[in-house]
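Following: one structure in structure tokens, then a few remarks.
All heavy atoms count here, side chains included; hydrogens, waters and symmetry mates do not.
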Amino acid sequence: MYNKGLFSDWVPKPVQLLMMVLLLTVVMPLGGVYTGNISFMVGGTGVMQEYFLWANYATTIGMGACMPVVLRMKMRFKVRDKVVILLVLLGALSYINATTFEPMIIVITSLVIGFLKMMITIELFLPLMAMLGGRGIFYGVFYTFVLILNQVSAYYAVEVSVLYNYQQFFILAAVLCFVLAILCWVLMHDKYFALKVPLHYIDWLSIILFVSTFMFSAYVFSFGKQQDWLNSKNIINASIAAFVSFALLAIRQMTLKRPYISFHIFTKSNVLNGLFMLLWLGMFLGTTSIQNIYSVGVLGYDQLTNAKLNVMMTPGIFLAGVIAVFWFKKERPLKMFIFSGFASMTAYAIIMYFSMVLEFNYENWYLPMFLKGYGMCSLFISVWYYTLDKLELNEMLAAIGLVLVWRTFLAVGFFSALFSWFQYQFQIVSLGDLAVYMDGMTITPQTVAANMKSIQLNAIISANKKIFGYIIVAGFGVMLYVITHHFGKRTEYLRVIRILNGKSVIARRRARERKKLEEDIKGAAGPAL
């Protein structure tokens, strides 16, 4: 007996919807670390922050590693048994993170948390997508909800850490997982989703190679600055290990009857162009590191005030979600929606470029954060939809792990590391430029200490302005690319040419005649058959 739903027949529909919302609310923000808590974890454990950045990347890598096998897992186990066991495991892992002081344990548990939570979220995607009526509208509602949820949960993670300690938020997450496990055991049905499939077709060696490829890459991005990049043997060895692991992964897929990852979709135009746009989205999201340097290092915000800045993005995120729902309902082309997202991100960079001053007011953050929220949500929805459009389910599941890791880890991690390196180099250049004006006439030995702080802050601001300047130039280049890209509708260029040649009326008439002829042929074909 099969049941494609999640809950027993006696459970009312509003209660089912409430349970799905509760599961999303608890599971989606769940991770091995929370970015706002990293400074508290550093102080509480006495460990370098690079380990916790590595753990943060590990959660995304675990989610990507699970995606190619998630459908087979869904059809192998009963819904109630699987969800309850996963929630108990997630709660136990959160409790381990709350009590351990070993950074490598946190890195490993973060990887496993990402792998396990993806199995639960896929159970919620399918009924919600059917309920909302279409992939585009589902993306509009789902990404809006999740992005707002992430900002709010990150804020409360910091607030709980300030009031108590960072461990309390992990314990709270563990308790919520255990409570949901009990509710799911009572409310969910005890049936399979479809015909039970075996697990021995899963190639676990490919999963290990996938994880090792990106975990070594995450090590490079996290520890690169701390170990001075290629001057460190550890960074060189990790880079070589990542390359070798990926090469072995690619070779192994060619020998498998049922490959873990398919590289076939990367020959499709929409996938390649989508990955290109996701790369530049990662550039804009990587500006968070520069923003944090400015807000905490220059303006002197505490961690809670800095977390409130991300909450300011929620109005922009909500607006992007509302526009996306209406956009997909009207079935409008994606070009201008994607263009509006990159334009919003570029406008955010322009405002931040001119706002790099010591006297920046807190109220001045509202507009740039609104634009950043709108740009982030609109691009998450539209570019992700365009990238995976017109792909078969098997093709999409076989490659979505790589695309997910590319979007959330590789692009953001690469630009965050790049900006960190440039920020340090530009600071040195700025200090050298400012040293021209430092002599005994302008700075006396009695005032050197007071002036050194001002000089250092101005060097940081100057470095940040340079980086934002390059981002603005790149942003205009991406906008030009979007406005000239066909997005699968090459006929638009032909229409423009016809208009310029004065032949648009003739073209429309021929199109009407051809359409009428096709309808006539269809009408005649029915009786003939």
Hey, does Leu24 have a side-chain heavy atom less than 4.5 Å from the side chain of Leu149?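 They are not in side-chain contact.
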Is any side-chain heavy atom of Thr287 closer than 4.5 Å to a side-chain heavy atom of Lys372?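 In short, these two side chains touch, coming nearer than 4.5 Å.
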Going by the rule ring pair (Phe, Tyr, Trp, His ring centres under 6.0 Å), which residues pair with Phe426 if we only count those two or more places apart in sequence or in a different chain?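 Applying ring pair (Phe, Tyr, Trp, His ring centres under 6.0 Å) to Phe426 gives Phe422.
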Can you list the residues that meet the ring pair (Phe, Tyr, Trp, His ring centres under 6.0 Å) rule with Tyr219, with sequence neighbours excluded?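 Counting only residues at least two positions away or on another chain, Tyr219 forms a ring pair (Phe, Tyr, Trp, His ring centres under 6.0 Å) with Trp54, Phe223.
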Say whether [X] and [Y], considering side chains only, have a donor N or O and an acceptor N or O under 3.5 Å apart.
{"X": "Tyr164", "Y": "Glu159", "value": "no"}
{"X": "Ser161", "Y": "Asn165", "value": "no"}
{"X": "Gln49", "Y": "Gln226", "value": "no"}

Tell me whether [X] contacts the main-chain N or O of [Y] through its side chain, where contact means a donor paired with an acceptor under 3.5 Å.
{"X": "Gln167", "Y": "Ala98", "value": "yes"}
{"X": "Tyr166", "Y": "Ser39", "value": "no"}
{"X": "Trp384", "Y": "Leu404", "value": "no"}
{"X": "Lys225", "Y": "Ala417", "value": "no"}
{"X": "Thr121", "Y": "Met118", "value": "yes"}
{"X": "Tyr294", "Y": "Val357", "value": "yes"}
{"X": "Thr408", "Y": "Val405", "value": "no"}
{"X": "Asn56", "Y": "Phe52", "value": "no"}
{"X": "Ser344", "Y": "Ser340", "value": "no"}
{"X": "Ser420", "Y": "Ser416", "value": "no"}

Tell me whether the rings of Phe214 and Phe246 are parallel (<30°), tilted (30 to 60°) or perpendicular (>60°).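 Perpendicular, since the angle between the ring planes exceeds 60°.
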In this structure, are over 12 heavy atoms from other groups packed under 6.0 Å from Tyr362 atom OH?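 Yes - once you tally the heavy atoms of other residues, nucleotides and ligands closer than 6.0 Å, there are more than 12.
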Could you walk me through whether Trp280 and Tyr481 pass ring pair (Phe, Tyr, Trp, His ring centres under 6.0 Å), step by step? CA-CA 11 Å; Trp280 297 110; Tyr481 161 79; 9.3 Å; no
Value rounded to 0.5 Å, distance of CG in Leu30 from CZ in Phe170: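 These two atoms lie 9.0 Å from each other.
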Atom CG in Leu285, atom CE in Met345: separation rounded to 0.5 Å?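 Here the interatomic distance stands at 5.0 Å.
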Can you list everything that forms a side-chain hydrogen bond (donor to acceptor under 3.5 Å, both in side chains) with Asn292? Sequence neighbours excluded, please.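 By the side-chain hydrogen bond (donor to acceptor under 3.5 Å, both in side chains) rule, Asn292 matches Asn306.
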